[in-house]
Every structure is written in C-alpha cells, then in structure tokens.
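This report concerns only the one structure given below.
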Amino acid sequence: MKRLDNESSRTINYSADIAQLEKYYEEQYELIKSGNTDLATLDLVMLGNALDFIRFVRKTFDIKLDNDESSVSRLEEVFDALNRGFLQENFLDENSGNIAKKAGAYLGFLIISNIGGKWIDTENGKALDVNGRKAYVCDFALSRLKSGTELNVSDYYKSIRTVK
C-alpha cells in the first residue's frame with residue numbers, strides 16, 4: 001500500500017485555530033480508517049481528546065476554550081463547575097477518569113501551544129516532556145477534579161512555564 005502521509009502531515013500545528021485543528025484531526029482520522037495506521041500517534045490521540053473536551057465544555061457550559069493562554073483561567077472555571085456542580089453527582093464518580101483524561105489532554109494542548117513540549121508515553125502513563133521535565137497533566141486533572149480548589153490550574157500552568 002502506498003503511504004498516504006509524510007512527516008509533515010504528522011506534525012500538529014498547535015498554533016492553528018480550533019476549526020483548523022478539527023479539520024486536521026478529521027483528515028488524519030479518515031486516513032487511519034483507510035489503513036494508514038502509522039498516523040495513529042500519541043500526539044493525534046491526545047489532540048482528539050483535547051478537541052473532545054473543548055466540544056464538551058462548549059456544549060455543557062457554553063464556555064469557549066481555545067489554544068490561547070487566556071483559556072487557562074476559563075479552564076479553572078470549568079474545573080470548579082465540574083467539581084461543585086450537578087455533574088459531579090451524575091457522572092463524575094464513574095467517569096472522572098475519562099473526563100480527567102480529556103481535560104488533561106486539553107491542558108497539555110494549552111501547554112504545548114504556548115510553552116512547548118511533546119507528548120511521551122512513560123511507565124507511569126502519558127505525560128508531557130517540557131524541557132526534560134515530565135508533567136503528568138492527566139493525573140493533575142484527575143486530582144483537581146476530585147480535590148476542588150486545593151489545586152489551581154493557573155499555578156500548575158505557571159510552574160511548567162518557569163521550567164528552563
């Protein structure tokens with residue numbers, strides 16, 4: 001089978017707007033469905049999870065998230081709502097891992113878009129490598145969902161930003 005991709009088609013343009021990223025993800029997904037499974041990378045999976053979270057937040061809370069740093073404070077609002085709201089009683093207990101995975105993917109998306117880094121698979125799970133430091137953003141998201149305001153998204157983001 002002729003390869004349908006090249007290295008540049010695997011590179012996600014994290015500075016693109018959300019509509020462009022959605023289109024890119026859909027195109028890659030179609031290529032994967034047609035047999036080009038080499039495109040099913042960790043980066044693409046995490047992008048898909050981040051985009052799912054963006055859609056979920058828009059539909060559930062009417063909050064717009066994107067790849068701009070201003071979304072960090074909006075993400076804090078979303079975590080607060082998830083933690084204290086009716087959603088916690090209805091589905092967070094049994095689905096908190098799934099929500100946390102998608103929220104963590106979105107937080108990772110923000111970090112890569114604005115600070116840099118890359119997704120890596122470690123013995124302890126998926127993480128971001130930011131200048132040689134591992135950031136387990138999905139674990140942070142799960143802890144934040146369960147702990148309430150004891151953990152702060154902005155502080156976590158700033159701590160990663162200061163990594164040299």
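Keep in mind that what you see is a predicted model, and the values were worked out from it rather than measured. Starting from 1, each residue takes its place in the sequence as its number.
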Query - Shortest non-hydrogen separation from Cys138 to Ala105 and the atoms involved - result: SG-N, 4.0 Å

Query raised in the report: For the atom pair NZ (Lys101) and CG (Leu142), what is the distance rounded to the nearest 0.5 Å?
Result: 12.0 Å

Report task. Please name the pair of heavy atoms, one in Gln28 and one in Leu44, separated by the smallest distance, quoted to 0.1 Å. Result -> CB-CD2, 3.7 Å

Show me the donor-acceptor pairs, under 3.5 Å and distance only, between side chains in residues 114-121 and residues at least two apart or in other chains.
{"unit_1": "Asn114", "atom_1": "ND2", "unit_2": "Asn67", "atom_2": "O", "d": "2.9"}
{"unit_1": "Asn114", "atom_1": "ND2", "unit_2": "Leu110", "atom_2": "O", "d": "2.9"}

Report task. Tell me, please, which residues at least two apart from Glu22 pass side-chain contact (heavy atoms from CB on, under 4.5 Å). Result -> Ile18, Leu51, Arg55

Query raised in the report: Between Leu47 and Tyr24, is any pair of side-chain heavy atoms under 4.5 Å apart?
Result: yes

Query - Atom of Ile160, atom of Arg133 and distance for their closest heavy-atom approach - result: CA-NH1, 4.2 Å

Query raised in the report: Tyr136: what forms a ring pair (Phe, Tyr, Trp, His ring centres under 6.0 Å) with it, not counting sequence neighbours?
Result: none

Requested in this report: Would you give the length of the straight line joining atom CZ of Phe140 to atom CG of Leu145, rounded to the nearest 0.5 angstrom?
Outcome: 9.5 Å

Query raised in the report: In chain order, what residues pass the ring pair (Phe, Tyr, Trp, His ring centres under 6.0 Å) check against Tyr25, with sequence neighbours excluded?
Result: none

**Report entry** Distance in Å, Arg161 CZ paired with Ser154 OG, rounded so as to fall on 0.5 Å steps
**Finding:** 12.0 Å

Report task. Starting from the C-alpha separation in whole Å, work towards a yes-or-no answer on side-chain contact (heavy atoms from CB on, under 4.5 Å) for Tyr157 and Leu75. Result -> CA-CA 11 Å; Tyr157 183 88; Leu75 182 58; over 6 Å; no

Query raised in the report: Looking only at heavy atoms, what is the nearest atom pair of Val153 and Glu76, with distance?
Result: N-OE1, 2.6 Å

Query raised in the report: Taking the six-membered ring for Trp, are Tyr14 and Phe109 parallel (under 30°), tilted (30 to 60°) or perpendicular (over 60°)?
Result: tilted

Report task. Using a strict cut-off of less than 4.0 Å between a Lys/Arg side-chain nitrogen and an Asp/Glu carboxylate oxygen, indicate whether Asp139 and Lys126 qualify as a salt bridge. Result -> no

Query raised in the report: Taking the side chain as C-beta and beyond, is there a heavy-atom pair between Phe56 and Ile99 under 4.5 Å?
Result: yes

Query raised in the report: With no hydrogens and no angle check, do the side chains of Thr41 and Asp43 hold a donor and an acceptor under 3.5 Å apart?
Result: no

Requested in this report: Using the test salt bridge (Lys or Arg N to Asp or Glu O under 4.0 Å), find all partners of Glu27 that sit at least two apart in sequence or belong to another chain.
Outcome: Lys23

Query - Donor-acceptor contact present, side-chain Asp68 to main-chain Ser71, <3.5 Å - result: no

Report task. Working to the nearest 0.5 Å, report the span between CG of Leu107 and CG of Leu128. Result -> 8.0 Å

Query - Under the salt bridge (Lys or Arg N to Asp or Glu O under 4.0 Å) test, residues paired with Lys33 that sit two or more places apart - result: Glu30

Query - Beyond-backbone contact of Leu65 with Phe53, side-chain heavy atoms, under 4.5 angstrom - result: yes

Report summary line: Between Ala127 and Thr122 the two heavy atoms that sit nearest each other are CB-CG2, 4.3 Å

Query - Closest non-hydrogen atom pair between Ala100 and Ala141, with its separation - result: O-CB, 3.5 Å

Query raised in the report: Does a side-chain N-to-carboxylate-O contact under 4.0 Å join Asp66 and Arg74?
Result: yes

Requested in this report: Could you tell me whether the side chain of Glu77 reaches within less than 4.5 Å of the side chain of Ile63, counting heavy atoms only?
Outcome: yes

**Report entry** side-chain contact (heavy atoms from CB on, under 4.5 Å) assessment of Phe79 paired with Leu151
**Finding:** CA-CA 10 Å; Phe79 276 120; Leu151 299 171; over 6 Å; no

